[in-house]
Each structure stands twice: as structure tokens, then as C-alpha cells.
Amino acid sequence: MKKQNNSNINIWVRYGILILATIAIGFLANVFLYIPVPSLANVNAWLGFFGSIIGAGIAGLVTLWGIEYTIKNTLLNVKPVIRPVRTDFFLYDNQGIFVTEKSRSVLVKEFAEKEKVYFSEMDKYDYVSIINDLVEEYQDREWGDVFAQVDADNLFEEIKNICKSRTYEEAFSNILNKLPEKYNDGVREKLAEKIHENFRRKIVFEAMNEAKRQSFVFFWLYNVGAGNAIDIRIAWDFSENYHKKLCNELGFSENEYMQMLNNFSLDHIAIAEADIMLNTNTDNRVKAFVPNEVILFIKYLYKKSLENNKEKNTNNNALVSEREISLLKISYTDIHGQEHTEYYDVIFKMSSTFDDSYDYKERYFYLKFNKSNRKIG
């Protein structure tokens, strides 16, 4: 604030000097008129000439000082403010526990839209199974004999031709509409339904395997201020042991808690992130990855909840409400080299989506960041 006052005093001193200089230049111009210089112009013309020069000079100086004042007191004084935002995640359990930023339905939809159908010779056996299942399902009804006459090898080749060079999404509509006319309407619909389900299982398997291979999950950092932020550093601090209180309420014994920490450490976790420069991306935001230690901690909470379900105890109630697990420190530098620090309480909540289809147990959780008055020492 003191620096701002000095700047205001300086500019008013400049204006005072300018006024005095203008008066002095006026008198000097009057003196110049008495210098015997051969000229066709009269005194009034010379007065107009000197007046225009002096006026233009004064206007130019005032404009430059105004621009300088605006830059110093407005543009250069804006500050960045980095704020993390709540992010949703999904935890899946199928031959290993993994976390994604998108639900299975979204992952499957995106996979079906971009990936083209592929076939291997092993897929032919899927169509043998499809026909056998339909024959068994309708064995005592009229269509039982109809399905028994369907050649699985021919059906497989027909589906390959229909779906050739198509995405899975395109293939879904083509299967029903382009199956040969030899299959009457009812048979065609049942075949299409079974083949759709076969495709869906293949898509789920591929989409979830792709998600499982993802190394990190992310949350967003937004620059909600008015200046560029560089050299952003993030620190997760568990020293207040809020996470330990959650573990206790979930039913962790002291031995279980120590065994968990033998696999990873929740000591001070520091991460370096990218800069957030205004006007270099449309949203003024950047992704920050959630540390593996935090994800491992959440996986252990999930595994403990499964144990609780088997033992039919009620400790899982600790997960159904928002719980603070750590403190987040975000440090960054503005373009003038000044350091800034923000502190946020990290809030965690997990719940079941009650969707365990395709052998993937799905759980939903989020991380939320509330402005904190606490600080990391």
C-alpha cells in the first residue's frame, strides 16, 4: 500500500513540474518572437506554430504518464489465485483394484464411438455358444428348431461382413438392420440381442483394461485470479492424522494400520506442477495428478469396507459422510517473482453405485477442497 502512495505522489509532482515548465516555455516563446529572424510569417503565425508544438508535447507527456500509471497500478498489480475444484472418481474391483476419472458407462461409450470392430478366429466359438444358448432357451417352443438350423460359421461370416470397418457404435445398428432376410423378424431380433451382448462384453473388457493401464488420475486447478501463475508446487500433508481417525472409525486395528503404512508413506508429499498462464488456454486451468499414496490409501479404505461387509458390522458408516483426510498446500509465483500460498482441507467421501455388472464392482468417491485457515509448518 505504501508503494502505491509513493506512486501517486510522484505523478502529481510530475504534473506540477509540467505546469511550471509550460509557463516558462510560454515566456521563452514570447522572447523568441523578438529574435530578428527573416520570415514572411507574422507574429500571430509564429504564436500558432509554437503553441501547437507546446500543446502536442504536453499532450504526449500526459498520455505517456497515464499509460505508465495504468500499467504500474493496474496491470502489474493483478494477482493469480489458484483454486482446486471438486473431482469425481470411480473405483473398480476386478482382478485388481483401480481408479478412473470416468464411470464405466462413459468409458464404454467412448470406446464404442472410436474403436472399430475386430474379429479373431477364436470369436467364432462365441457364435457357437450364442446358437446353443438360444436353442436351449427355446427348446420347447416353436423357435427351438429354427435356432437349431442356424449355422454358427455362416452367422459369424455374415456378422463380419456387416461390421467390417465399422465402429462398435455403428455395428450395433447395422446388426439388426442388415442381417440377411433368411432370418425372420423374431429370430433376427433375438440373434441381434445376443450378438449385441457379446459385443458389449468385449467392449467392457477392452475399455476397462485400457483404463486400468492409466498411470495417474487427476484433479483440476483453476486460476481464478487476474495474473499469470508460474512454478506451481503442491504439498499433501497428513500430519494432523485426520486420516487416522477415519481408519479408526472404519475398524482398522493398530496392527492393520501399521501394515498399510508399510506399503506406502503418507508423510509430506510434494509435487511439482505446470504453470497456469492466462490466455494460453481457454479455461485457465491445468491438471494436477493425485499422488499414488493417496490412491493407495483410498484402496485400503475400500478393502476394509469389504471386510466389514463380510463380518456384517456397521463401521462402513464412516465412509458415507464427508471426512477430512489431509491438508493441501498450493504454492506459486506471480510474474513479478512474488510468492503466494493457498491452503485447502481435502474432503473425501465414498459410496456404492450398486452397479456390479460385467463382474466389475463399482464404487464412487470424490475429493473436495475447502479453503482452510490451517497452515503447514
Side-chain angles (χ1 to χ4, degrees), residues 74-92 98-103 106-107 109-111 114 207 210-239 243 264-299 322 324-350 364-376:
T74 305
L75 298 180
L76 292 181
N77 281 337
V78 295
K79 305 299 182 184
V81 178
I82 305 304
R83 180 171 298 167
V85 296
R86 166 180 159 164
T87 306
D88 299 335
F89 301 95
F90 295 86
L91 181 147
Y92 293 99
F98 60 99
V99 174
T100 70
E101 298 159 20
K102 299 176 182 177
S103 67
V106 172
L107 292 170
K109 182 177 184 297
E110 291 178 349
F111 187 90
K114 69 180 181 180
E210 186 176 288
K212 188 184 295 187
R213 291 191 294 269
Q214 184 177 341
S215 299
F216 298 101
V217 291
F218 301 86
F219 64 99
W220 285 106
L221 296 174
Y222 280 82
N223 186 353
V224 296
N228 292 330
I230 59 177
D231 192 22
I232 300 171
R233 287 94 59 202
I234 298 173
W236 296 69
D237 181 70
F238 290 82
S239 61
H243 68 291
F264 60 92
S265 173
L266 288 177
D267 290 338
H268 192 79
I269 304 170
I271 304 168
E273 292 295 339
D275 307 335
I276 308 182
M277 308 297 286
L278 294 176
N279 301 320
T280 58
N281 60 60
T282 56
D283 296 319
N284 296 324
R285 63 179 185 172
V286 68
K287 280 183 174 181
F289 71 85
V290 181
N292 280 330
E293 294 89 341
V294 176
I295 295 300
L296 285 171
F297 171 65
I298 292 171
K299 289 180 180 180
E322 291 187 343
E324 183 178 344
I325 59 172
S326 76
L327 180 66
L328 187 73
K329 174 185 176 183
I330 302 178
S331 303
Y332 50 93
T333 307
D334 63 28
I335 58 175
H336 311 297
Q338 183 176 352
E339 292 285 334
H340 301 267
T341 304
E342 307 282 346
Y343 295 92
Y344 295 90
D345 296 322
V346 181
I347 309 299
F348 165 80
K349 181 180 178 181
M350 176 181 283
Y364 158 78
F365 71 89
Y366 62 75
L367 295 176
K368 188 169 71 173
F369 307 91
N370 294 339
K371 189 70 175 175
S372 177
N373 294 322
R374 296 185 296 121
K375 295 184 178 181
I376 300 175

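From a predicted model like this one, the values you see are computed outputs, not experimental measurements.
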(message) Let me confirm one number: the CG-CD1 distance from L328 to I269, rounded to the nearest 0.5 Å.
(response) 10.5 Å
(request) Could you tell me whether K299 atom NZ has more than 12 heavy atoms of other residues or ligands within 6.0 Å of it? (result) yes
(request) Measure the CG-CD1 distance between N223 and I82 for me, rounded to the nearest 0.5 Å. (result) 4.0 Å
(request) Report yes if the side chains of L221 and I234 come closer than 4.5 Å at any heavy-atom pair, otherwise no. (result) yes
(request) Look up atom NZ in K329 and atom CG in D237, then write down how far apart they are to the nearest 0.5 Å. (result) 9.5 Å
(message) Measuring from atom CZ of F348 to atom CD1 of I298, what distance do you get when rounded to the nearest 0.5 angstrom?
(response) 5.0 Å
(request) Just say parallel, tilted or perpendicular for the rings of Y222 and W220, cut-offs at 30° and 60°. (result) tilted
(message) Please evaluate residues V290 and V99 with respect to the criterion side chain to side chain contact (heavy atoms under 4.5 Å, CB included), reporting the C-alpha separation (whole Å), side-chain torsions for both, the decisive distance (0.1 Å), and the verdict.
(response) CA-CA 11 Å; V290 181; V99 174; over 6 Å; no
(message) With rounding to the nearest 0.5 angstrom, report the CD to OG distance, E324 to S372.
(response) 7.0 Å
(request) Answer yes or no: is there a side-chain heavy-atom contact under 4.5 Å between V106 and E101? (result) no
(message) For a side chain to side chain contact (heavy atoms under 4.5 Å, CB included) check, start with the C-alpha distance between I347 and L367, then their side-chain angles and the critical distance, and finish with the verdict.
(response) CA-CA 6 Å; I347 309 299; L367 295 176; over 6 Å; no
(request) Just jot down the ring-ring contact (aromatic ring centres under 6.0 Å, His included) partners of F218, sequence neighbours excluded, or say none. (result) none
(request) Let me know which of F90, Y92, F216 forms a ring-ring contact (aromatic ring centres under 6.0 Å, His included) with F98. (result) Y92
(message) Test side chain to side chain contact (heavy atoms under 4.5 Å, CB included) on F238 and V294; report intermediate values, then the result.
(response) CA-CA 10 Å; F238 290 82; V294 176; 4.0 Å; yes
(message) Just to verify, what does K114 make a side-chain contact (heavy atoms from CB on, under 4.5 Å) with, not counting sequence neighbours?
(response) E210
(request) Any chance you could measure L327, atom CG, to W236, atom CH2, to the nearest 0.5 Å? (result) 10.5 Å
(request) Please determine if K287 forms a cation-pi arrangement with F219, meaning its NZ or CZ atom is less than 6.0 Å from the six-membered ring centre and no more than 45° off the ring axis. (result) no
(request) Not counting sequence neighbours, which residues clear side-chain contact (heavy atoms from CB on, under 4.5 Å) with Q338? List them please. (result) K79, D334, H340
(message) Please evaluate residues V85 and R285 with respect to the criterion side chain to side chain contact (heavy atoms under 4.5 Å, CB included), reporting the C-alpha separation (whole Å), side-chain torsions for both, the decisive distance (0.1 Å), and the verdict.
(response) CA-CA 10 Å; V85 296; R285 63 179 185 172; over 6 Å; no
